[in-house]
Q: 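The structure under discussion is supplied below as structure tokens; questions concerning it will follow.
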Amino acid sequence: MKTFDFVTTMSMQYYKECGYRYIDTFLRHSPPDRILHVWTEDGIPEHPQVKQYKLQDTDFYNNWTLTCKKPKVRTFSIKVGVQYEAAKILTGDVLVWIDADVYATQPLTDQFLNVLEPQGTRLANYMGQENNSGPETGILSYNRNHPNFKKFMEDFINVYYSGKIFNLPMPVDTFAWWEVKNTMPDEDFHTWSNSSNSHVFYVSELRQWIDHAKGQIKFKNPAKVDKRASTEPKK
């Protein structure tokens, strides 16, 4: 049976704004032995099913993120560094990245895992957007046993170390991921959605299990999102 590692990152401030919803719903809808791996700068409330890691203990965070002078680029680079670090130290068959503003809406069953898993000889699954413009990187899954998994992660992080990130259409993880994906065979990848809809989560293969509090709704109207998620904000 395949094993899955669920990975994200959040600060205490982001936990209070929306990360509490991620943790509450994913654990409420998961079996009691499922672990969430969370990289954080300043720590979040402890939970027996949440394993915390310090961003300050990772090379990329210290050597690139903290030295970047552009706030938006710096913020989005954390996601890339965490995926790279998780790829090095975790051992599950499937590595699943899920943003901290995503939340679960239904029990995360074996069927959910089956859709998450890159099937056959695929390297990764992603949430495609309109005009083949790159992934919605709120969720990604990787087959750790694929022969190009390590290369993908090395190339992903090297988009930043090489400085190429500043030559992309936008200097964020979406375009860095797409840059690497486009150097590899199309058959190594599967998209859960290719919609031109403004929010691809609504029409993806994963829509019955998860949703995404995308954009400013998570800050401007958190009560509305909490109602959707059937959870309560943490004080």
Side-chain angles (χ1 to χ4, degrees), residues 1-9 33-39 51 53 55 57-61 63-65 76-99 102 108 110-129 132-165 167-169 171-194 200 204-206 209-210:
M1 186 174 181
K2 296 289 180 68
T3 54
F4 290 74
D5 291 321
F6 289 85
V7 174
T8 195
T9 184
D33 60 347
R34 182 167 293 158
I35 301 297
L36 299 180
H37 300 272
V38 180
W39 271 260
K51 186 171 183 180
Y53 306 81
L55 281 168
D57 291 339
T58 66
D59 290 340
F60 181 75
Y61 180 82
N63 296 332
W64 201 94
T65 298
F76 282 96
S77 77
I78 293 175
K79 296 169 56 173
V80 181
V82 168
Q83 289 175 64
Y84 180 72
E85 188 69 18
K88 289 196 301 181
I89 70 172
L90 301 181
T91 59
D93 297 304
V94 181
L95 177 65
V96 183
W97 167 268
I98 304 180
D99 277 358
V102 175
L108 303 178
D110 289 345
Q111 184 183 359
F112 170 71
L113 297 181
N114 188 62
V115 176
L116 271 185
E117 180 187 346
Q119 297 294 328
T121 60
R122 289 178 179 144
L123 166 60
N125 291 342
Y126 66 99
M127 197 78 78
Q129 300 189 97
N132 207 29
S133 60
E136 157 54 71
T137 53
I139 182 166
L140 298 159
S141 68
Y142 303 93
N143 173 10
R144 286 184 55 92
N145 302 315
H146 193 280
N148 282 331
F149 172 72
K150 183 176 180 180
K151 174 176 170 51
F152 187 97
M153 287 298 173
E154 292 289 346
D155 290 351
F156 196 15
I157 209 80
N158 281 330
V159 171
Y160 287 80
Y161 278 132
S162 69
K164 186 183 292 185
I165 184 67
N167 297 323
L168 299 181
V172 296
D173 59 302
T174 290
F175 290 94
W177 196 94
W178 202 238
E179 179 78 8
V180 178
K181 184 265 183 191
N182 286 336
T183 68
M184 296 184 172
D186 285 343
E187 57 265 27
D188 285 352
F189 300 87
H190 168 71
T191 176
W192 291 302
S193 172
N194 259 329
V200 293
S204 81
E205 296 171 22
L206 295 165
W209 295 287
I210 60 174

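These values consider heavy atoms only, across backbone and side chains, with no hydrogens, waters or symmetry-generated copies. All of these numbers come straight from a predicted model, not from anything done at the bench. For this chain, numbers begin at 1 and follow the sequence in order.
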Q: For side chain to side chain contact (heavy atoms under 4.5 Å, CB included), just list the numbers for H37 and D5, CA-CA rounded to whole Å, side-chain angles, deciding distance to a tenth of an Å, and then say yes or no.
A: CA-CA 7 Å; H37 300 272; D5 291 321; 3.8 Å; yes
Q: Minimum heavy-atom separation for T65 to S77, with atom names?
A: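 Heavy-atom minimum between the residues: OG1-OG, 2.9 Å.
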Q: Is there a side-chain contact between W178 and P135 in this structure, where contact means two heavy atoms from C-beta onward sitting under 4.5 Å apart?
A: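 They are in side-chain contact.
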Q: Passes side chain to side chain contact (heavy atoms under 4.5 Å, CB included), V159 versus F175? Steps please.
A: CA-CA 10 Å; V159 171; F175 290 94; over 6 Å; no
Q: Work out which heavy atom in A87 is nearest to a heavy atom in R144; give both atom names and the distance.
A: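 So the minimum-distance heavy-atom pair works out to O-NH1, 2.8 Å.
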Q: Only one of T8, L206, N125 clears side chain to side chain contact (heavy atoms under 4.5 Å, CB included) with I139; which?
A: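 The residue from T8, L206, N125 that satisfies side chain to side chain contact (heavy atoms under 4.5 Å, CB included) with I139 turns out to be L206.
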Q: Just wondering, do L116 and W192 contact through their side chains at under 4.5 Å, heavy atoms?
A: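 Yes. Closest side-chain heavy atoms under 4.5 Å.
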Q: Give the intermediate values and the outcome of side chain to side chain contact (heavy atoms under 4.5 Å, CB included) for residues F149 and L95.
A: CA-CA 10 Å; F149 172 72; L95 177 65; 4.1 Å; yes
Q: Check G120 against N143 and note the closest heavy-atom contact, atom names and distance.
A: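 Smallest heavy-atom distance, with atoms named: O-ND2, 4.4 Å.
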Q: Once you measure the plane-to-plane angle for Y126 and F189, does it fall in the parallel (<30°), tilted (30-60°) or perpendicular (>60°) bin?
A: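 Geometry flag for F189 against Y126: perpendicular rings.
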Q: Do D99 and K79 make a side-chain contact, defined as non-hydrogen atoms from C-beta onward lying under 4.5 Å apart?
A: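 Yes, close enough: below the 4.5 Å cut-off.
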Q: Rounded to the nearest 0.5 Å, how far does CG of D188 lie from OG1 of T183?
A: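 These two atoms lie 10.0 Å from each other.
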Q: With rounding to the nearest 0.5 Å, note down the distance linking CD in Q83 to OG1 in T9.
A: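 Nearest 0.5 Å value for the CD-OG1 distance: 10.5 Å.
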Q: Is it true that the side chains of Q119 and N114 contain a donor and an acceptor less than 3.5 Å apart?
A: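 A pair is found: one side chain offers a donor N or O, the other an acceptor, under 3.5 Å apart.
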Q: Ignoring hydrogens, what is the shortest heavy-atom contact between T3 and G92? Give both atom names and the distance.
A: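 Between these two residues, the closest heavy atoms are OG1-CA, 3.3 Å.
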Q: Report yes if the side chains of E205 and H190 come closer than 4.5 Å at any heavy-atom pair, otherwise no.
A: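 With C-beta onward as the side chain, the pair touches.
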Q: Of all the heavy-atom pairs spanning V94 and P118, show the shortest one and how long it is.
A: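 Shortest heavy-atom contact: CG1-CD, 4.0 Å.
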Q: Is it the case that more than 12 heavy atoms not belonging to K150 sit under 6.0 Å from its NZ atom?
A: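 Not more than 12 within 6.0 Å, no.
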Q: Check whether any side-chain heavy atom of T137 lies under 4.5 Å from a side-chain heavy atom of F76, and answer yes or no.
A: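 They are not in side-chain contact.
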Q: So do I210 and I98 actually touch side chain to side chain, heavy atoms under 4.5 Å?
A: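 Sidechains of I210 and I98: no contact.
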Q: Please examine the side chains of L108 and F6, heavy atoms only from C-beta on, and report whether any two atoms are closer than 4.5 Å.
A: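 A side-chain contact is absent here, since even the closest heavy-atom pair is not under 4.5 Å.
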Q: Tell me every residue that passes side chain to side chain contact (heavy atoms under 4.5 Å, CB included) with T58, counting only those two or more places apart in sequence or in another chain.
A: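 Side chain to side chain contact (heavy atoms under 4.5 Å, CB included) check on T58 returns W39, Y61, E85.
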Q: Hey, could you give me the CG/NZ distance between D59 and K88, rounded to the nearest 0.5 Å?
A: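 NZ of K88 is found 5.0 Å from CG of D59.
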Q: Rounded to the nearest 0.5 Å, how far does CG of N145 lie from OG1 of T121?
A: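 It comes to 12.5 Å.
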Q: Kindly indicate whether the side chain of R34, heavy atoms from C-beta on, has any atom under 4.5 Å from the side chain of F4.
A: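 The answer is no, as the side chains (C-beta and beyond) never meet within the 4.5 Å cut-off.
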Q: Mind checking the CD-OG1 spacing from E136 to T191? Nearest 0.5 Å is all I need.
A: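 E136 CD to T191 OG1: 11.0 Å, rounded to 0.5 Å.
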Q: If you apply the rule side chain to side chain contact (heavy atoms under 4.5 Å, CB included), what do you find for I89 with Y53, and how did you get there?
A: CA-CA 11 Å; I89 70 172; Y53 306 81; 3.8 Å; yes
Q: Under the criterion ring-ring contact (aromatic ring centres under 6.0 Å, His included), I'd like the reasoning laid out for F60 against Y84: C-alpha separation, chi angles, the key distance, then a yes or no.
A: CA-CA 9 Å; F60 181 75; Y84 180 72; 7.6 Å; no
Q: Could you grab the distance from atom CD1 of I35 to atom CG of D33, nearest 0.5 Å is fine?
A: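 Reported value, rounded in 0.5 Å steps: 7.5 Å.
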Q: For a quick test of reading the model, state the closest non-hydrogen atom pair linking D173 to F156 and the distance between them.
A: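 Looking at all heavy atoms of both residues, the shortest contact is O-CE1, 4.0 Å.
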